[in-house]
Amino acid sequence: MSVIERLTKASHLIDMNDIIREGHPTLRKVAEEVQFPLSDEDIILGEKMLQFLRHSQDPVMAEKMKLRGGVGLAAPQIDISKRIIAVLVPNPEDHDSTLQEVMYNPKIVSHSIQEAAIGGGEGCLSVDREVPGYVVRHARITVEYFDKTGEKHRIKLKSFNAIVVQHEIDHINGIMFYDRINPEHPFAIKEGMLILD
């Protein structure tokens, strides 16, 4: 049984055992675009990835399934080299503006000159260690992607939402977050760079 067949079985819930860790060759590959119309497997895979994020953010399910909390997951992290990402970034002040999407073949079509980084650094479900330093990214991006029906979307993102999506798009391009930390000066701040809480 292939990885995708196992992960998309109706009874299977994605958990930490399905997530590959740094050093695995799939994490360094440039993933392949998915073809439309999507296969049932690709649609189910996207739904299962989003379901994993929901479970990881639910204290009861996370404890029961021993999940680390996550806001994004890319298909290469579950050893499937396809350009599929799922993001679930809750907005506690406004539930309607929660970023919740499965993106097929996402790409950044424009970005701000201004850069941004998360003050506490970034983490990754595929990295079981702390990596100190600012992960320098674009403060604002415009992303194009397709949904599961094949409809094309273009959305503008800023701040934390923009950083989450850039982190996941890096995964489908074989890039790890710590590749973007300055090795000589991990906490260097460029002029005009936003540091997010």
According to the interplanar angle, ranging from 0 to 90°, do the rings of Tyr104 and Phe36 count as parallel (below 30°), tilted (30 to 60°) or perpendicular (above 60°)?
perpendicular
In terms of the angle between their ring planes, are Tyr134 and Phe187 parallel, tilted or perpendicular, with boundaries placed at 30° and 60°?
perpendicular
I need the [X] [atom1] to [Y] [atom2] distance, nearest 0.5 Å.
X: Leu53; Y: Leu125; atom1: CG; atom2: CG; result: 7.5 Å
X: Met65; Y: Glu63; atom1: CE; atom2: CD; result: 13.0 Å
X: Ile43; Y: Glu47; atom1: CD1; atom2: CD; result: 7.0 Å
X: His55; Y: Gln57; atom1: NE2; atom2: CD; result: 11.5 Å
X: Ile108; Y: Arg140; atom1: CD1; atom2: CZ; result: 13.5 Å
X: Ile78; Y: His171; atom1: CD1; atom2: NE2; result: 11.5 Å

Find out whether [X] and [Y] are in side-chain contact, i.e. whether some heavy atom of one side chain is under 4.5 Å from a heavy atom of the other.
X: Leu38; Y: Phe146; answer: no
X: Leu27; Y: Met176; answer: yes
X: Leu50; Y: Lys48; answer: no
X: Val143; Y: Arg154; answer: no
X: His12; Y: Asp18; answer: yes
X: Arg129; Y: Glu22; answer: yes
X: Met103; Y: Ile169; answer: no
X: Met49; Y: Leu45; answer: yes

Exactly one of Leu99, Val89, Val71 should register a side-chain contact (heavy atoms from CB on, under 4.5 Å) with Val165. Which one does?
Leu99
Counting only heavy atoms not in [X], do more than 12 fall under 6.0 Å of its [atom1]?
X: Asp179; atom1: CG; value: yes
X: Glu130; atom1: CD; value: no
X: Gln35; atom1: CD; value: no

Using a strict threshold of under 4.0 Å (side-chain N to carboxylate O), is an ion pair present between [Y] and [X]?
X: Glu122; Y: Arg180; result: no
X: Glu32; Y: Lys82; result: no
X: Glu115; Y: Arg137; result: no
X: Lys66; Y: Asp15; result: no
X: Lys152; Y: Asp147; result: no
X: Asp42; Y: Lys148; result: no

Would you name the heavy atoms of [X] and [Y] that are closest together and state the gap between them?
X: His167; Y: Gly123; answer: CE1-O, 3.3 Å
X: Ile19; Y: Arg21; answer: O-NH1, 2.6 Å
X: Phe177; Y: Val127; answer: CE2-CG2, 3.9 Å
X: Ala74; Y: Ile85; answer: CB-CG2, 3.9 Å
X: Arg83; Y: Ile172; answer: NH1-O, 3.0 Å
X: Leu67; Y: Ile14; answer: CD2-O, 4.5 Å

Where the side chain of [X] meets the backbone of [Y], is there a donor-acceptor pair that is under 3.5 Å apart?
X: Thr98; Y: Gln100; result: no
X: Gln166; Y: His138; result: yes
X: Asn182; Y: Pro186; result: no

Linking I/L/V/M/F/W/Y whenever any side-chain heavy atoms sit under 4.5 Å apart, do [X] and [Y] land together?
X: Ile163; Y: Ile175; answer: no
X: Leu157; Y: Ile195; answer: no
X: Val136; Y: Phe160; answer: no
X: Met16; Y: Leu7; answer: yes
X: Ile4; Y: Phe52; answer: yes

Verify the distance criterion only: is there a donor paired with an acceptor across the side chains of Ser126 and Gln77 at less than 3.5 Å?
yes
Cut-off 3.5 Å, side chains only: do Thr26 and Asp79 have a donor facing an acceptor?
yes
Gln114 and Leu194: side chain to side chain contact (heavy atoms under 4.5 Å, CB included), yes or no, with the steps?
CA-CA 8 Å; Gln114 184 180 33; Leu194 280 179; 3.5 Å; yes
Candidate pair His153 and Glu151, rule side chain to side chain contact (heavy atoms under 4.5 Å, CB included), full reasoning
CA-CA 7 Å; His153 298 265; Glu151 190 178 334; 4.1 Å; yes
In sequence, state the C-alpha distance, the side-chain angles, and the governing distance for Asn105 and Glu144, and then conclude on side chain to side chain contact (heavy atoms under 4.5 Å, CB included).
CA-CA 8 Å; Asn105 299 342; Glu144 277 186 358; over 6 Å; no
